[in-house]
Structures are given as structure tokens and as C-alpha cells.
Visitor: 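Just dropping this structure here.
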Amino acid sequence: MRTPMIAGNWKLHKTLAESSALVRELMPAVAANQVVEIVVAPVFTALDKVAEAIAGSNIKLAAQNCYSQPQGAFTGEVSPPLLKDVGCQYVIIGHSERRQLFGESDELINSKAHALAKTGLGSILCIGETLDEREADQMFDVLRRQVRLGLKNLSAEQMAGVVIAYEPVWAIGTGKTASDAQAQEAHAFIRALLTELYDKPTANATRILYGGSVKPDNVDNLMSQPDVDGALVGGASLKAEDFARIVNFQTTT
Ligand code: PEP
């Protein structure tokens, strides 16, 4: 009942020409896919160009970050209304690189989630534990805190626009993927938490993506886990052939 989502996070990669070329190579390779919601998140400067290229296709546009205020004296920031204006339907918030390299707090991330809900844009809220936290048996506490604070005061109705991405920090860009069982365990925990914070229908309707070194050769097994509803893909989204194979995953169950 949950539409799978495969989202590509291009991070700080690709010029205008390269972004356009990547998406033009991707489009025919995924055009026949009617079952997956396909999303790409280029750098801010390439959003307009990519929006133009994917117009009328089955690929949607996301930004990698936003600020919480619509406008004002916030030098260097980009707001949800401006991202909507350029054609975005989703914004990734709380990515571990933003938390770790730019000191983003759960409170700031929550203010972005509210701003996106107010603007009518979807959020892809990233959460995930570090290796130290996992080894210290703090994984569930960390996930609980990030979910509770990240979604604070968002209504069940607003949750319809929220996608959660579980991305264990130790698996991002490292080539180390969580095992299928580790991913399922975390996703089931997050879904149970959503039942506790909201209700069962909301928890059952919310998509939970896995992120962390998803590749063509591991996507099928990950997507076969009952609570894995899609993937947020970094490195492998930069190659059209690899990303298309991930979009066109085959479940094994
Ligand atoms: C990411 O950046 O969200 C990510 C999961 O990266 P990678 O697929 O490269 O691990």
C-alpha cells in the first residue's frame, strides 16, 4: 500500500551540463517504471535546468536542504517557497552531513519540517546513528530522539507529506551497507515509534527509506524487507545506469 520511493542525492556534484546529461540518460532507463516514485536531488544551481529536463517525465525534483523562513535577511539561505517555485516537490532535511559538518540540531531540522509542510512541499527527514552510538547500544535512543524532535508538533495530517530516511551514518559513502536484518530492525522500530507518536494508520502510511551505500547489487534484498519502502541513494545515483537499476529493483519475496 506504500508507494516505494527511490531518491538520488547528488550532494555537491555535477555542473549544469553534467546534471542535464545525467538526467537525460536516466529518463529513458526508468520511463517504463510506473510503480516507483523516482526523485533526484541536484545542487541548488542545477535545479532549474533539471526541472526543465524532467518536465513531463516520471522523475520528481528535490532539493538537498532549505531554511525555515520564507524570506528575509538570511544571507546564503534558500527557502521552501523558492524551492517550490523552481519545481521541487521534496526537500531532504537533516542529512547526517548537515548534522555533522554544519552543526544542525534536531530543533532546526524540525523548524524546516514545519516550513515545508506550510509550503506544501514534502520532507525527506534523515535520521541515523553513528558507529560509536551503535556500539554503545544507543541506536534506539538516538533514533527515538531524532524522530520525536524532528517531527515535534507535526500533525498526523502533515505526516502525509513526510518521508523518513533511515541512514546509519557508518554506512553512508563507506561501501558498508547495513545488513537486511539490521535495516529491517531499525525500520520496524521507527514504524512502531510512529504508531506511538501518532496512530497505526499514520505509521502504516509513512514511507521509511533506507540509505547507506545502496547499490545495484544490494537493493533487491533491502527492498524485500517488509518495512523498507525505498532508498535514499548517494554515490550510486551519480551513474544513470546504476541508479536506473536501483529504481527498477526486483524484490525477492
Ligand atoms: C546519502 O548521501 O544519503 C547516502 C546514502 O550516500 P551513499 O549512498 O553514497 O552511501
Side-chain angles (χ1 to χ4, degrees), residues 4-14 18-19 22-23 26 30 36-44 46-47 50 59-66 88 90-102 104 109 112-113 116 122-131 133-134 139 142-143 146-147 150 162-180 182-184 186-187 190 207-223 225 227-249:
M5 173 187 279
I6 302 288
N9 172 14
W10 295 1
K11 308 195 185 192
L12 184 47
H13 294 289
K14 308 244 173 237
E18 289 164 351
S19 299
L22 173 56
V23 87
L26 180 64
V30 299
V36 173
E37 188 173 18
I38 308 164
V39 179
V40 294
V43 295
F44 286 131
L47 286 172
V50 172
I59 301 179
K60 295 180 180 170
L61 192 65
Q64 299 174 18
N65 183 29
C66 68
C88 288
Y90 289 96
V91 179
I92 298 170
I93 54 173
H95 192 279
S96 67
E97 286 151 17
R98 303 245 23 116
R99 293 178 190 260
Q100 293 197 315
L101 304 174
F102 303 98
E104 291 198 5
I109 294 160
K112 296 179 185 199
L116 289 167
S123 297
I124 301 174
L125 169 66
C126 302
I127 59 170
E129 81 289 356
T130 63
L131 188 58
E133 288 164 342
R134 176 173 274 263
M139 172 180 115
V142 170
L143 297 182
Q146 291 177 337
V147 170
V162 175
V163 175
I164 293 180
Y166 168 61
E167 300 206 300
V169 179
W170 48 271
I172 297 179
T174 58
K176 281 187 205 153
T177 319
S179 68
D180 304 331
Q182 285 171 325
Q184 171 56 27
H187 284 226
I190 295 162
R207 288 173 295 177
I208 306 174
L209 315 184
Y210 169 77
S213 299
V214 176
K215 308 283 180 214
D217 63 3
N218 59 26
V219 67
D220 297 345
N221 285 333
L222 285 163
M223 287 304 298
Q225 304 306 308
D227 287 292
V228 176
D229 306 315
L232 180 55
V233 185
S237 70
L238 297 172
K239 275 178 73 182
E241 192 187 342
D242 286 357
F243 190 61
R245 172 61 183 84
I246 292 170
V247 166
N248 297 323
F249 65 87

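Quick caveat, the model's predicted, so the values are computed rather than measured. All ligand and atom numbering here is 1-based and tracks the order in the structure. The chain is numbered in sequence order, starting from 1.
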Visitor: Without swapping roles, check the side chain of Gln184 against the backbone of Asp227 for a donor-acceptor pair under 3.5 Å.
Guide: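 Present.
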Visitor: Is a side-chain donor or acceptor of Tyr90 paired with a backbone partner of Ile92 at a separation under 3.5 angstrom?
Guide: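 No.
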Visitor: Using a 3.5 Å cut-off on N/O to N/O, what pairs does ligand 1 make with the protein? A line per pair would be great.
Guide:
{"unit_1": "ligand 1", "atom_1": "2 (O)", "unit_2": "Asn9", "atom_2": "ND2", "d": "3.3"}
{"unit_1": "ligand 1", "atom_1": "2 (O)", "unit_2": "Lys11", "atom_2": "NZ", "d": "2.7"}
{"unit_1": "ligand 1", "atom_1": "2 (O)", "unit_2": "His95", "atom_2": "NE2", "d": "3.0"}
{"unit_1": "ligand 1", "atom_1": "3 (O)", "unit_2": "His95", "atom_2": "NE2", "d": "2.9"}
{"unit_1": "ligand 1", "atom_1": "3 (O)", "unit_2": "Glu167", "atom_2": "OE1", "d": "3.1"}
{"unit_1": "ligand 1", "atom_1": "3 (O)", "unit_2": "Glu167", "atom_2": "OE2", "d": "2.7"}
{"unit_1": "ligand 1", "atom_1": "6 (O)", "unit_2": "Gly234", "atom_2": "N", "d": "3.4"}
{"unit_1": "ligand 1", "atom_1": "8 (O)", "unit_2": "Ser213", "atom_2": "N", "d": "3.4"}
{"unit_1": "ligand 1", "atom_1": "8 (O)", "unit_2": "Gly234", "atom_2": "N", "d": "2.8"}
{"unit_1": "ligand 1", "atom_1": "9 (O)", "unit_2": "Gly235", "atom_2": "N", "d": "2.8"}
{"unit_1": "ligand 1", "atom_1": "10 (O)", "unit_2": "Gly173", "atom_2": "N", "d": "2.6"}
{"unit_1": "ligand 1", "atom_1": "10 (O)", "unit_2": "Ser213", "atom_2": "N", "d": "2.8"}

Visitor: If we check side chain to side chain contact (heavy atoms under 4.5 Å, CB included) with Ile124, which of these qualifies: Met5, Gln64, His95, Arg207?
Guide: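 For Ile124, the side chain to side chain contact (heavy atoms under 4.5 Å, CB included) check succeeds only for Met5.
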Visitor: So does Gly128 get a backbone contact from the side chain of Glu167, meaning a donor-acceptor N/O pair under 3.5 Å?
Guide: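 Flag not set: sc Glu167 to bb Gly128 has no pair under 3.5 Å.
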Visitor: Could you check whether any side-chain N or O of Ser213 sits under 3.5 Å from a backbone N or O of Ala171, counting only pairs where one atom can act as donor and the other as acceptor?
Guide: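 Judged by distance alone, yes, a pair lies under 3.5 Å.
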Visitor: Please identify which of these residues, Gln100, Arg99, Glu133, meets the side chain to side chain contact (heavy atoms under 4.5 Å, CB included) condition with Val169.
Guide: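 For Val169, the side chain to side chain contact (heavy atoms under 4.5 Å, CB included) check succeeds only for Gln100.
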